[in-house]
Amino acid sequence: MPLKCALCERNATLKRPKTGEALCKECFFVAFESEVHDTIRKEINFRRGESVAVAASGGKDSTVLAYIMKLLNERHDYGLNLMLLSIDEGITGYRDDSLETVKRNEVQYGLPLRVVSYKELYGWTMDEIVQQIGLKNNCTFCGVFRRQALDRGAAMEKVDRIVTGHNADDIAETVLMNILRGDIARLQRCTAITTSGGDGGIPRSKPFKYTYEKEIVMYAYFKKLDYFSTECIYSPNAYRGHARTFLKDLESIRSTAIIDIIHSGERLSFRETVKFPKLGTCSQCGYISSQPLCKACILLEGLNKGLPRLAVGKTHTAKRSQLFDGKGKEKDKCDAEKPDKVKSSLDF
Ligand code: SF4
Ligand code: ZN
């Protein structure tokens, strides 16, 4: 006999990864959408009339985010002016294809799109950077440039806030990575649902903070959303990959592991004696930085001088003084979405 949905009389079509409940598609949609709405209502204080840019890569997380932000904005009358903001890193065979998806989303969702490229901001594409530095430190350049590019794109469009598709798995993974690296400053802020905003920065919020990646894929799958699912051709990111595998192993033993790690991160308290970097502005480009020169300017200078490797990594500080007086400290992560590997959770 077919299994019944736990919430209505229909037959169940899926098992929720987050709770283990057997649900029909319709009840899953209701649960998914109302949980995101609850997170927004309780933890993100959107103001009516705010302009909000959805950071859109064409991947599953940001596509579902764009879809659901539009849906909830209309359903609950948030009064937001939404748009899509995409970064073109200049990665042939990856970003050019995923941007085509975002352009289709622009039409499908009726949201204006702005694309900002590394080439126009920095004079380099990732393809050109990889030609210079090879495949070892490419993600350092890409991550630092992307973070700043999103802010710059948002400033050009004069938006009040950026929302990103970071999901619960990403945040739990980041908590683990910051513990493994002993990065207390990042550990302290990585579970915040909204970051920055001070010192002229544009606030960034994560409406999917408590949303499981597997459920985002299920939602996209059952709603037949148009998204791009291929991994970046330059993606090594081995360390994060280990943290991800570890997290997935934990999740397979106990599905609440992801939320539990986020809650653990939220409840950490830090001694007053722990020193956190003070934010100022980069003397060269004016972007927020805890150092006299921001990391993007350090990396860019290295590239332009033909010495890109000198600009990378803590261990080369002495050598990097050949390039600059200041030194950067910031690490960044790839927020390029991983393709979905979740089809198995659609069967039960
Ligand atoms: Fe950039 Fe991510 Fe590709 Fe690395 S894996 S090059 S950070 S898009
Ligand atoms: Zn700078």
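The model shown is predicted, which means the values in this text are computed figures rather than measured ones. Numbering of ligands and ligand atoms starts at 1, following listing order.
Not counting sequence neighbours, the partners of R254 by the side chain to side chain contact (heavy atoms under 4.5 Å, CB included) test are T256, D260. With sequence neighbours excluded, the residues forming a side chain to side chain contact (heavy atoms under 4.5 Å, CB included) with D96 are T92, listed by chain and number. Every side chain to side chain contact (heavy atoms under 4.5 Å, CB included) that S51 has, sequence neighbours left out, goes to N81, V159, D160.
Between atom 3 (Fe) of ligand 1 and C232 there is an N/O/S contact shorter than 2.8 Å.
Per-residue contacts place S235 under 4.0 angstrom from the following atoms of ligand 1 (heavy atoms of the residue considered): 5 (S). Residue-ligand proximity, R146 to ligand 1, at heavy-atom distances under 4.0 Å covers atoms 1 (Fe), 2 (Fe), 7 (S), 8 (S). Close approach of ligand 1 to C142 (heavy-atom distance below 4.0 Å) involves ligand atoms 1 (Fe), 6 (S), 7 (S), 8 (S). Of all atoms in ligand 1, numbered sequentially from 1 with element shown, those under 4.0 Å from a heavy atom of N138 are 6 (S).
Look at R240 and E173 and you find a salt bridge, because one of the NZ, NE, NH1 or NH2 atoms lies within 4.0 Å of a carboxylate O, short of that distance. Under the 4.0 Å criterion applied to side-chain N and carboxylate O atoms, R104 and E100 are not assigned as salt-bridge partners.
Around the Zn ion (ligand 2), the protein N, O or S atoms closer than 2.8 Å are C282 SG, C285 SG, C294 SG, C297 SG, listed by chain and residue number.
Counting non-hydrogen atoms of other residues, nucleotides and ligands closer than 6.0 Å to NZ of K4 gives a total above 12. Sparse packing is recorded around CZ of F246, with 12 or fewer heavy atoms of other residues, nucleotides or ligands lying under 6.0 Å away.
Aromatic ring orientation, F28 versus F222: perpendicular (interplanar angle above 60°, classes split at 30° and 60°).
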